[in-house]
Amino acid sequence: RARRDLQVSVVAFRQELEDALERRRTLETELFKAIVRDELRMEYQPLVNLADRSVFGAEALLRWNHRQLGPISPAEFIPIAEENGYIVDLGAWAMNRAMKEALTWSNPLKLSINISAIQISRGNLVTTVAEALERTGFPAQRLDLEITESLFIDESLDLKSCMEELKALGCSFSLDDFGTGYSSLGYIPKYPFSKIKLDRSFVRRSIEAKQDVAVIEAVLHLARGFGMSVVVEGIETPDQAAKLLELGCPCGQGYLFGRPMGSAEFSSQLLKAA
Ligand code: C2E
Ligand code: MG
Ligand code: MG
Ligand code: MG
C-alpha cells in the first residue's frame with residue numbers, strides 16, 4: 001500500500017513538473033510577441049516621505065496582460081526574460097514607456113526603474129538609458145535606477161564603471177531588495193547608491209518583534225553612515241508606518257500609500273493630493 005501511494009505521488013509530481021515546463025515554454029514564446037501585440041503596460045507605485053506622506057517618486061512596474069492567459073506576474077515572466085536575454089529589449093521598452101508617461105504628470109517626481117543584471121552583461125545599459133533620455137526628453141536628474149542586491153554576487157559584471165557612466169549622465173541609484181542578497185556590506189560604499197530599499201520581508205504585520213526592530217535600526221544606522229536614504233518596502237498598515245516613523249525611517253512604499261496604478265490614475269491621484 002505504501003508502495004502504491006509512492007507511485008501515485010511520483011506520477012503526480014512528474015505531471016506537475018511537466019505542466020510547469022509546459023507553461024514556461026508557452027510564456028517564453030508568447031512573451032516575444034507581447035510588445036507588438038500591445039499586451040504590456042507600466043504601472044506606478046508612489047514612494048512617500050513617511051513624516052507627511054508626500055509623494056516624492058514613483059516606481060515603474062512592468063505588467064503583462066496576455067490575451068488568453070490573463071495577467072502574468074513579473075515575478076514569473078521577468079526571470080524567463082532574463083534567462084533568454086529578452087529582458088534587454090523588454091527593459092528598453094519599459095524605460096522608454098515609463099519616461100514618456102512620467103512626463104505627462106503634473107509633478108516632476110523621481111522615476112524609479114528596475115534594472116536587471118542581464119541588461120548590463122548582455123546589453124549596453126548606458127547606451128539604452130542615454131537613448132531613452134534623448135528620445136523622450138526626460139531629465140536624467142529625475143531618473144533613479146533600482147539595482148537588486150543579489151546582483152553584486154556576480155563579480156564578473158563591470159557594474160561599477162557602468163554605474164559611474166550613468167551617474168555622469170545625472171542618474172541616481174537605489175539598492176533594491178536589501179537584506180535578501182546575502183552579500184557582504186563592504187561593497188555598498190564602493191558604488192554610488194543614494195538609497196537603500198529595505199526588502200518587505202523585514203516588515204511583518206506589526207513591527208514589534210525585537211529582531212525586526214534591530215534589523216531596521218541597523219539598516220538606518222548603516223545608511224546614515226554612508227550618507228544614503230532608506231525606503232522601506234511593503235508597508236500595508238498604519239501601525240507599520242507609525243512604528244517606522246518612530247524608528248526614524250524617512251521614506252516608504254506600500255499598499256497603505258498606494259497600489260501600483262496606470263499612468264492616468266497615478267497622475268489624477270497626484271492632483272487630488274496636491
Ligand atoms: P520590486 O522591484 O521589489 O518591486 C516591488 C514589488 O512589491 C512589486 O511587485 C510591488 O507591486 C510589490 N509591493 C508594493 N507594495 C507592496 C505591499 O504593500 N505589499 C506587498 N505584498 N507587495 C507590495 P511586482 O509589481 O509584482 O514586481 C515584482 C518584481 O518584478 C519587482 O520587485 C521587480 O524585481 C520585478 N520587476 C517589475 N517590473 C520590472 C521591470 O520593468 N524590469 C525589471 N528588470 N524587473 C521588474
Ligand atoms: Mg524595485
Ligand atoms: Mg527588484
Ligand atoms: Mg524591491
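We count residues from 1, following the sequence as given. Excluded from the calculations below are hydrogen atoms, water molecules and symmetry mates; all remaining heavy atoms, backbone and side chain alike, are included. In each ligand, atom 1 is the first atom listed, and ligand 1 is the first ligand listed.
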Asks: Does ligand 1 have an atom under 4.0 Å from some heavy atom of E43?
Replies: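 E43 does not count as a contact of ligand 1 under the 4.0 Å cut-off.
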
Asks: Out of all atoms in ligand 1, which are within 4.0 Å of some heavy atom of P260? Include the element for each.
Replies: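 So the atoms of ligand 1 that pass are 11 (O).
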
Asks: For atom 28 (C) of ligand 1, which candidate among P74, A94, A117 holds the nearest heavy atom?
Replies: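 The residue whose heavy atom sits nearest atom 28 (C) of ligand 1 is P74.
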
Asks: Looking only at N, O or S atoms, find the one in E233 nearest to the Mg ion (ligand 4) and name it.
Replies: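 Output for this pair reads OE2.
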
Asks: Show the numbers, then the answer: is there a salt bridge (charged side-chain N to carboxylate O under 4.0 Å, His left out) between D144 and K195?
Replies: CA-CA 10 Å; D144 183 73; K195 277 204 290 299; 3.7 Å; yes

Asks: Surrounding NZ of K190 (heavy atoms of other residues, nucleotides or ligands, distance under 6.0 Å), is the total greater than 12?
Replies: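 It does not: K190 NZ has 12 such atoms or fewer within range.
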
Asks: Suppose we call two aromatic rings close when their centres sit under 6.0 Å apart. Are F173 and Y191 close by that rule?
Replies: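 Centroid separation for F173 and Y191: 6.0 Å or greater.
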
Asks: Quick one: look at S116 and ligand 1, take heavy-atom pairs under 4.0 Å, and tell me if it's side chain, backbone, both or neither.
Replies: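 Both backbone and side chain.
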
Asks: Return yes if a side-chain donor-acceptor contact under 3.5 Å exists between D176 and T148, otherwise no.
Replies: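 T148 and D176 do not have a side-chain donor-acceptor pair below 3.5 Å.
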
Asks: If you count the atoms of ligand 1 from 1 in the order shown, which ones are under 4.0 Å from a heavy atom of D177?
Replies: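 By the 4.0 Å cutoff, the relevant atoms are 3 (O).
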
Asks: Could you go through the salt bridge (charged side-chain N to carboxylate O under 4.0 Å, His left out) check for K243 and E246 one step at a time?
Replies: CA-CA 5 Å; K243 184 70 187 182; E246 187 192 309; 3.7 Å; yes

Asks: Hey, is the Mg ion (ligand 4) within less than 2.8 Å of some N/O/S atom on D199?
Replies: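 Checking the Mg ion (ligand 4) against D199, no N, O or S atom falls under 2.8 Å.
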
Asks: Would you indicate which of M95, E76, R200, R63 comes nearest to atom 6 (C) of ligand 1 when only heavy atoms are counted?
Replies: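 Looking at heavy atoms only, R200 sits closest to atom 6 (C) of ligand 1.
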
Asks: How does D176 reach ligand 1, by side chain, by backbone, by both or by neither, if only non-hydrogen atoms under 4.0 Å count?
Replies: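 Contact part for D176 vs ligand 1: side chain (C-beta onward).
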
Asks: Using a strict 4.0 Å threshold on nitrogen-to-oxygen distance, state whether R37 and E30 make a salt bridge.
Replies: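 Yes.
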
Asks: Tell me the contacting part of E59 for ligand 1: side chain, backbone, both, or neither, using a 4.0 Å heavy-atom threshold, strictly below.
Replies: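 The part of E59 near ligand 1 is the side chain, not the backbone.
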
Asks: Using a distance-only test with no angle check, is there a side-chain donor-acceptor pair under 3.5 angstrom linking S116 and E82?
Replies: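 A pair is found: one side chain offers a donor N or O, the other an acceptor, under 3.5 Å apart.
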
Asks: Angle class for the W105/Y44 ring planes (parallel below 30°, perpendicular above 60°, tilted otherwise)?
Replies: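 Rings of W105 and Y44: perpendicular, as their planes differ by over 60°.
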
Asks: Need the ligand 1 atom indices (1-based, order shown) with element for anything under 4.0 Å from a heavy-atom of E236.
Replies: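 Counting from 1, the qualifying ligand atoms are 17 (C), 18 (O), 19 (N), 20 (C), 21 (N).
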
Asks: Check each of L61, L62, N114, L40 against atom 43 (C) of ligand 1 and report the one with the nearest heavy atom.
Replies: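 Among L61, L62, N114, L40, the closest heavy atom to atom 43 (C) of ligand 1 comes from N114.
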
Asks: Is the shortest N/O to N/O distance between Q45 and ligand 1 below 3.5 Å?
Replies: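 Yes, there is a polar N/O contact under 3.5 Å.
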
Asks: With the Mg ion (ligand 4) as the point of reference, which N/O/S atom of D177 is the closest?
Replies: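 Of all N, O or S atoms belonging to D177, OD1 is the one nearest the Mg ion (ligand 4).
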
Asks: For the pair E59 and K110, evaluate salt bridge (charged side-chain N to carboxylate O under 4.0 Å, His left out) and give the outcome as yes or no after the intermediate values.
Replies: CA-CA 9 Å; E59 178 173 8; K110 274 255 181 186; over 6 Å; no

Asks: Where do R259 and P46 come nearest, in terms of heavy atoms and distance?
Replies: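 Answer, listing the atom of R259 first, then P46: O-CD, 4.1 Å.
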
Asks: If we set the cut-off at 4.0 Å for heavy atoms, which region of E233 has an atom near ligand 1: side chain, backbone, both, or neither?
Replies: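 Within the 4.0 Å criterion, E233 contacts ligand 1 through side-chain atoms alone.
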
Asks: Work out whether the distance between some heavy atom of E82 and some atom of ligand 1 is less than 4.0 Å.
Replies: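 No, that is not the case, since the closest heavy atom of the residue is not under 4.0 Å from the ligand.
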
Asks: Would you mind telling me if ligand 1 is within reach of the side chain of D199, the backbone, both or neither, using heavy atoms under 4.0 Å?
Replies: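 For D199, there is no contact with ligand 1 at all, from either part.
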
Asks: Can you give the angle E146 OE1 - the Mg ion (ligand 2) - E59 OE2, rounded to 10°?
Replies: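 Reported to 10°, the angle equals 90°.
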
Asks: Mind listing the closest non-hydrogen atom pair of Q269 and M261 along with its distance?
Replies: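 Heavy atoms of Q269 and M261 come nearest at CG-SD, 3.7 Å.
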
Asks: Would you give the angle at the Mg ion (ligand 2) between D176 atom OD2 and N114 atom OD1, to the nearest 10°?
Replies: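 Computed angle, vertex at the Mg ion (ligand 2), rounded to 10 degrees: 80°.
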
Asks: Is E22 salt-bridged to R25, going by a charged N under 4.0 Å from an acidic O?
Replies: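 Looking at E22 and R25, the cut-off is met.
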
